[in-house]
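Each remark here refers to the structure printed beneath this line.
Just so we're clear, the structure is a prediction, and the values are computed from it rather than from any experiment. Here is the naming used below: chain letters follow the sequence lines, and residue numbers restart at 1 for every chain.
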Number of protein chains: 2
Amino acid sequence: VSQILATNNVQELVDRLQSGDIRALAKLITLVEEEPRTARMVIDAIGNVSSEKQSHVVGIAGAPGIGKSTLIDKLAEEFRRRNRTVGILAVDPTSPFTGGAVLGDRSRMNRLSSDEGIYIRSMGTRGELGGLSRAARDAIKILKASQKDVILVETTGVGQNEVEIINAVHTVVVLMMPGLGDDVQLIESGMPEIGDVFVLNKSDMPGADYTMAEIKSIISLRSPNQKGWMPPVIKTVGLSGQGASELADAIDRHKAYLQKTGELLVRERKAYFSEVLNQVKLDLTRLVDDALKSDNTIIELLSRCFELKNNPYDTAEKILSGIIERKRDQIH
Amino acid sequence: VSQILATNNVQELVDRLQSGDIRALAKLITLVEEEPRTARMVIDAIGNVSSEKQSHVVGIAGAPGIGKSTLIDKLAEEFRRRNRTVGILAVDPTSPFTGGAVLGDRSRMNRLSSDEGIYIRSMGTRGELGGLSRAARDAIKILKASQKDVILVETTGVGQNEVEIINAVHTVVVLMMPGLGDDVQLIESGMPEIGDVFVLNKSDMPGADYTMAEIKSIISLRSPNQKGWMPPVIKTVGLSGQGASELADAIDRHKAYLQKTGELLVRERKAYFSEVLNQVKLDLTRLVDDALKSDNTIIELLSRCFELKNNPYDTAEKILSGIIERKRDQIH
């Protein structure tokens, strides 16, 4: 019964989402953050929503201190001037420990919240390994179902979760700033290969010309695997909003390019594959945790093998076989 | 045939390890770093080595900049003065990108290498998620088989891999230094609950008394889950070696406590459980990668489900069932 109630409840939230209810939107994202089981119910219900619009999803990657959130807020305002609705998803795996995301979010909310055409949300890590990218992907789907024209996903671009999230977007914007070490950071992250648009933020700082030349040389070196798209480099100053309009133009040009060449479908296919395989790995990991909770024989086997000083690899293989066997019986 | 040759080769290395050959020791650690399959062969062969000694494994956790490696070198020298042989394993998940570990290692080698009683080795991340803790645990087993009296494992103590590695040691030493934010860092890492010995390094710096009081208050707050062991706080100055002798004393006292109370066996049992379950998860993740490589039907299924816009959770479940079925057939 509680399952039926929950499903009804989720369906009601999705109905309210479609009629533009912001609280339903917030609640649905909380549901996908909380637990894989509720997330799955939400995504099931979302699947029935027919989108009239094709939301364009933009990943914006940059190291801490580059001024990501300030620039993204200006970019969001620029898109609003163009009459597009905007969703911002700020993904921060170090939250909730630092508290930075929560506070930052609140002040951003206050600054932007007078505009109902912008929805902003922070997401931090909770629980399972790889769970943040799963939740972020689901949140993107909810923002799509809420008919946002543009979805801006803010991430550092470094780390397993971030790379997974970047796999889920249409256009990748890579943020840089003048100064030592940025080139190294860029190269480490693998971003030169996947950036579609490059931004030199804080371009009024000393050393901007040098860093600009560095970025251009890095782009020129990359393998020409994209049919006919040459990544532009846009100069911005996040605080004043300078360059935000040029950045919006570049994102729109890239969107048109993706549609014209059929690359949009290629990317969505890749994103789907990556999402499903990530989910398979999460499901497998959960199998182990579930088996431990419900099956005393695993602990008994572990105790016996420990006393016999069995090789851990052999013990792991035995447990794996047991889990496979058990799961298979459940399937049949 | 190549399998038999490889096994013979590994067995020969283990024989040489037992006769004290340092190059065999280095080669065996390289083998466990490289690939799970060779690692398993090594651990199989190691399993037959009867240890006369019970190596004591000490995890030393501290943030970058605290002076971990300098202090650990002094501690190693102190143990050498007590006629114990020492293995040092410096685990750095950010290597090889920074290059720091490699360079640091070389200069440490030069400083310590005149003494054959100390073996020092750095390990960085390569390949699979969770693979570093697996390789580090295997390296500890090799150092045990080489009859080292003390094994010092150096880690930042933060992150998934580091926590896994800390699960594998007998005594946990937590390093701090005077200054702002260390208390926060300590609390975040969960170290107050698991530290057996606390060290205030750089204790000649301003603010040492304040940080000392902070550490003591944190220790006094923790749950009294350890029978009769009150974690001491040792003041050290890594550069001069001051306090290294007191730290060695504290580690020895903790070792005696573990043996006397039976807690040693409890910890080894916990470490074994944690190691095996980590390995089960690694094996499961590898199942997915192997299945993708050898089984075209998964890609076909993914393509079909993408075109039908199937819910990724449902598609993941289908693929999971396929992998379970396939693996089960291999087992039988």
Is it the backbone or the side chain of [X] that comes under 4.5 Å from a heavy atom of chain A, or both, or neither?
| X | value |
| --- | --- |
| B:L287 | side chain |
| B:Q279 | both |
| B:L292 | side chain |

Contact class of A:L265 relative to chain B, heavy atoms under 4.5 angstrom: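 Both parts, backbone and side chain.
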Winner by heavy-atom pair count (cut-off under 4.5 Å) against chain B, out of A:I298, A:L277, A:I299, A:I323: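 When all of A:I298, A:L277, A:I299, A:I323 are compared, A:L277 has the most.
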Side chain to side chain, [X] and [Y], heavy atoms closer than 4.5 Å:
| X | Y | value |
| --- | --- | --- |
| B:I151 | B:V153 | yes |
| B:D44 | A:D314 | yes |
| A:I319 | A:V288 | no |

For A:Y313, ring-ring contact (aromatic ring centres under 6.0 Å, His included) partners two or more places apart: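 So A:Y313 forms no ring-ring contact (aromatic ring centres under 6.0 Å, His included) with any residue.
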ring-ring contact (aromatic ring centres under 6.0 Å, His included) against B:Y272, all qualifying residues, sequence neighbours excluded: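 B:Y272 satisfies ring-ring contact (aromatic ring centres under 6.0 Å, His included) with A:F306 once adjacent residues are dropped.
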Residue selection (most heavy-atom pairs with chain A, distance under 4.5 Å) from B:E268, B:K309, B:E307: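 Highest number of heavy-atom pairs under 4.5 Å: B:E268.
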